[in-house]
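Step one of this worksheet: look at the structure below.
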Amino acid sequence: MEQRDQNRRMAQLLFPHITKTPEDYEAIYPERDLPEGAMVTRIAPSPTGFMHFGNLYGALIDERLAHQSGGVFYLRIENTDSKREVEGAVEVILTSLNAFGLKFDEGATEGEDRGTYGPYRQRDRAELYQTIAKSLVERGMAYPCFCTEEDLQVLHDKQEASGANFGYYGEWAVHANITCEEAEALIAEGKPYVVRFRSPGKDGNRIKYKDLAKGEIEMPENCNDIVLLKSDGIPTYHFAHVVDDHFMRTTHVVRGEEWLSTFPYHLQMFDAIGWKKPAYVHTAHMLKQDGSSKRKLSKRKDPEARLTYYLQEGYPAECVIEYLMTVLNSNFEEWRRKNPDADLNEFRFKAEKMGVAGAVFDIDKLNDISKTVISKMSGEQVYDATAVWAKEYNPEFYALLTRDPAYSKAILSIGRGGKKPRKDFTVWSDVPDYMAFFFEETFQTAYPWPENMSKNDILRVLNEYPSIYDEADDQQTWFNKVKDLTAAMGYAVDMKAYKADPTAFPGSVADISAVLRVAITGRTASPDTYAVMNILGKETVLDRLSKAAAAL
RNA sequence: GGCCCGUUGGUCAAGUGGUUAAGACACGGCCCUUUCACGGCUGUAACAGGAGUUCGACUCUCCUACGGGUCACCA
């Protein structure tokens, strides 16, 4: 009786301005009316101005889980740490999610929040957290702690010296039994305080939980009286997580495995308060091969940790998503082989199928996927996507590319559309170099001539070809003419015969073709020469042939 | 240091007590080919180590090693 009264007075002392009750909030944020099995997930980044590859990784899991179950995927801004918040960071988050095609149903936006479970920025929810904290104080489950940073450091040192576990618990919890009078006096002195949770945990107890990704995990029960509200009245991550995911009616919490060690806090709070726990998916980290060892992808050391890296390089967003999916669900690749053209969202993602170990980020694999995805696009699509990329990241090239759209589209259509399309580029930033010789401004004249040919023979090709060149020729006629010239020069027309006895000829039709290619494109690797010549046009072709001859 | 998670080829990985231990990427070879690509075929290559349980262990248990995470009024 006496104690209950004390608790009520303490709650009033700490939260005189709070008039709502938890029940009020239960009414404001009712259970969601969703079909059976629908999942409610969220992406909850901190507005640090930096989107990590891991953010996308988690967001994709959230998004798939929610949307393939007919549920809700929302965005919550975790800005409880004012020191880390960066101006414009929310915009970075929104832009990134948008760039990778992850659409959330409710949450923070640049203007008004969308959805009825908001506000979706934690700092705007202070009253809610304080209301719950107040009710916990009333129930004797939380109390104010006036320890300063120095006090806690001393505590830590003592524990270290005596070999005790670190933390604020049991006999070390000096304010656990503070009275109303004592608290009132300290507050009157202007002493700052935090509100701590009174952990019901018992030393030696073990708890078990089945994580959707990790499976059964067992760990010691939490005994720490962790901080619920910081001295500025804003919650710690732990408290905000429990309160928000309860009232936002989250069913599945997806987060990195760095949260595993504080997982017992969360489970304990849900149980102690009497709320239903969400399901958890703790994901392994993306690793980076660093010499002979592996480490977490680092935002400082690894450019590929940064989401903007992929945009700058010009990876089509869906390729990054596709790559992520192969890492997340190993049966995805098998599905993809069976359904090469299906929409990625038709694949049924399963949290249980996720690997438990961290995967090394495999850029080769991403590149391969990207090449394949791009190879399936039409010239028109490639043009459009490249233009979008170039406008932002390579304005100089953008000007060239868009100077004559029909011309550029024709170039980008070479070798596309068939059953075995070319795979010339991995990222949009490969396109400028690929197209360079189609523009006089960027045409390079290094001329890597076939090494086995004499200067005279090269000149002969260059000088004689114009007389047999006819723009109207179809590909077969065009090539027959190349063969005729080859034969006239005593070179091998039949590649089999040439390969059987290379010494019998000065060279082969491959060399003659190479001369044409090098003269016209300035390089040894290019798309089909016939197609290139058609696009360049007779005037340019003849001009380049004579230029090449002059340069010899 | 305490606690937790993890460890199958160079990389991603299938595998849940009995398999010739899949497949993909990368790498090599061959074929196709006027070049560059594409494509097809093919090759090298793995269960971290040690005990145990079992007729039998990549699969179960324990120990060791190594890697990662975490021990804040940061998330």
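Naming: A, B, ... by sequence-line order, numbering from 1 per chain.
- Applying the ring-ring contact (aromatic ring centres under 6.0 Å, His included) test to A:Tyr323 and every residue at least two apart in sequence or in another chain returns A:Phe361.
- Annotated as anti: B:rC55, whose glycosidic dihedral deviates from 0 by more than 90°.
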Open item on the list: One character per nucleotide, please: for nucleotides 67-75 of chain B, 5' to 3', B when the base has a protein heavy atom closer than 4.0 Å, S when only the sugar-phosphate does, - otherwise.
Closed with: SSSSSSBBB
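- Regarding A:Lys481, its NZ atom lies at a distance of 19 Å from the P atom of B:rU34, rounded to whole Å.
- A:Lys353 comes within contact range of the sugar-phosphate backbone alone, with a heavy-atom separation under 4.0 Å but no base atom that close.
- The side chain to side chain donor-acceptor pair (under 3.5 Å) test applied to A:Asn480 returns A:Gln476, not counting sequence neighbours.
- The closest side-chain donor-acceptor pair between A:Asp474 and A:Tyr530, if any, does not fall under 3.5 angstrom.
- The existence of a salt bridge linking A:Arg42 and A:Asp62 is excluded, since no basic side-chain nitrogen approaches an acidic carboxylate oxygen closer than 4.0 Å.
- Taking atom CG of A:Asn367 as the reference point, atom C1' of B:rC12 lies 14 Å away to the nearest angstrom.
- Across all strands, A:Gln159 comes closer than 4.0 Å to no nucleic acid atom at all (heavy-atom distances).
- Classified by interplanar angle (parallel below 30°, tilted 30° to 60°, perpendicular above 60°), the ring pair A:Phe425/A:Trp428 is tilted.
- Across the P atoms, B:rU61 and B:rU7 are found 13 Å apart, a figure rounded to whole Å.
- The stretch residues 349-374 of chain A participates, sequence neighbours left out, in these salt bridge (Lys or Arg N to Asp or Glu O under 4.0 Å) pairs: A:Glu333-A:Lys365.
- For the pair A:Asn329 CG and B:rG15 P, the computed distance is 11 Å after rounding to whole Å.
- Separating the CG atom of A:Asn222 from the P atom of B:rC4 is a distance of 14 Å, rounded to the nearest angstrom.
- Along RNA chain B, the nucleotide nearest A:Glu216 and the nucleotide nearest A:Tyr530 are compared for position; the residue whose nucleotide lies closer to the 5' end is A:Glu216.
- With sequence neighbours excluded, the residues satisfying ring-ring contact (aromatic ring centres under 6.0 Å, His included) with A:Tyr469 are A:Tyr465.
- Remark: P of B:rU33 and NZ of A:Lys420 are 11 Å apart, rounded to the nearest angstrom.
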Task: Reading 5' to 3' through nucleotides 19-25 of chain B, protein heavy-atom contacts under 4.0 Å coded B for base, S for sugar-phosphate only, - for none - done: ----BBS
Extract all donor-acceptor atom pairs below 3.5 Å that involve side chains of residues 142-151 of chain A and protein atoms in other chains or at least two apart in sequence.
residue  : atom : partner  : partner atom : Å
A:Tyr143 : OH   : A:Asp225 : OD2          : 2.6
A:Thr148 : OG1  : A:Glu150 : N            : 3.4
A:Thr148 : OG1  : A:Glu150 : OE1          : 3.4
A:Thr148 : OG1  : A:Asp151 : N            : 3.1
A:Thr148 : OG1  : A:Asp151 : OD1          : 3.4
A:Thr148 : OG1  : A:Asp151 : OD2          : 3.1
A:Asp151 : OD2  : A:Thr148 : N            : 2.9

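- Rounded to an integer number of Å, the gap from A:Arg416 CZ to B:rC38 P is 13 Å.
- Among the atoms of the strands shown, only primed sugar atoms or phosphate atoms (P, OP1, OP2) are found under 4.0 Å from some heavy atom of A:Ala359.
- A 6.0 Å sphere centred on CD of A:Glu218 holds more than 12 heavy atoms belonging to other residues, nucleotides or ligands.
- As rounded to the nearest Å, B:rC63 and B:rG23 have P atoms that lie 36 Å from one another.
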- [ ] Toss me the dot-bracket line for RNA chain B: Watson-Crick and G-U wobble, both under 3.5 Å, 5' to 3', using | for pairs to another strand and [ ] for crossers.
- [x] ((((((((.[[[..)..(....]]].(((((.......)))))....[[[[[..)....]]]]])))))))....
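- In terms of the ring-ring contact (aromatic ring centres under 6.0 Å, His included) criterion, residue partners of A:Phe332 (sequence neighbours excluded) are, by chain and number, A:Trp335, A:Phe347.
- No hydrogens or angles considered: a donor-acceptor pair under 3.5 Å links the side chains of A:His282 and A:Arg255.
- Rounded to whole Å, the C1' atom of B:rC60 lies 10 Å from the corresponding atom of B:rU16.
- On a pure distance criterion of 3.5 Å, a polar donor-acceptor pair joins the side chain of A:Arg422 and the base of B:rC36.
- With sequence neighbours excluded, the residues that form a ring-ring contact (aromatic ring centres under 6.0 Å, His included) with A:Tyr237 are A:His241, A:Trp259, A:His266.
- Distance OH (A:Tyr434) to P (B:rC38): 13 Å, rounded to an integer number of Å.
- B:rC4 and B:rU42: their P atoms are spaced 48 Å apart (whole Å).
- More than 12 non-hydrogen atoms from other residues, nucleotides or ligands lie less than 6.0 angstrom from CD of A:Glu464.
- Going from the C1' atom of B:rA22 to that of B:rA13 covers 10 Å, rounded to whole Å.
- The residue A:Asp528 sits close to a base: some heavy atom pair falls under 4.0 Å.
- Residue A:Lys423 has no polar side-chain atom (N or O) positioned under 4.0 Å from OP1 or OP2 of B:rC36.
- Per the geometry, OH belonging to A:Tyr57 stands 12 Å off P belonging to B:rC12, to the nearest Å.
- For the P atom pair drawn from B:rU54 and B:rU44, the interatomic distance equals 38 Å after rounding to whole Å.
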- [ ] Would you give a per-nucleotide map of nucleotides 41-49 of chain B, 5' to 3', where B means the base has a protein non-hydrogen atom under 4.0 Å away, S means only the sugar-phosphate does, and - means neither?
- [x] ---------
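- Distance check on atom C1': B:rA37 versus B:rU59 gives 44 Å, rounded to whole Å.
- Taking the nucleotide of RNA chain B with the nearest heavy atom to each of A:Asn165 and A:Ala510, the more 5' of the two is matched to A:Asn165.
- Ion pairing between a basic and an acidic side chain is recognised when a charged N comes within 4.0 Å of a carboxylate O; A:Lys202 and A:Glu221 show no such pairing.
- Using a 4.0 Å heavy-atom distance criterion, A:Arg255 is classed as making no nucleic acid contact.
- The side chain to side chain contact (heavy atoms under 4.5 Å, CB included) check on A:Gln153 picks up A:His156, A:Asp157, with sequence neighbours excluded.
- If you take atom C1' in B:rA21 and the same atom in B:rC62, they sit 25 Å apart, rounded to whole Å.
- Checked for salt-bridge contact, A:Asp528 and A:Arg422 miss the test: no charged N lies under 4.0 Å from a carboxylate O.
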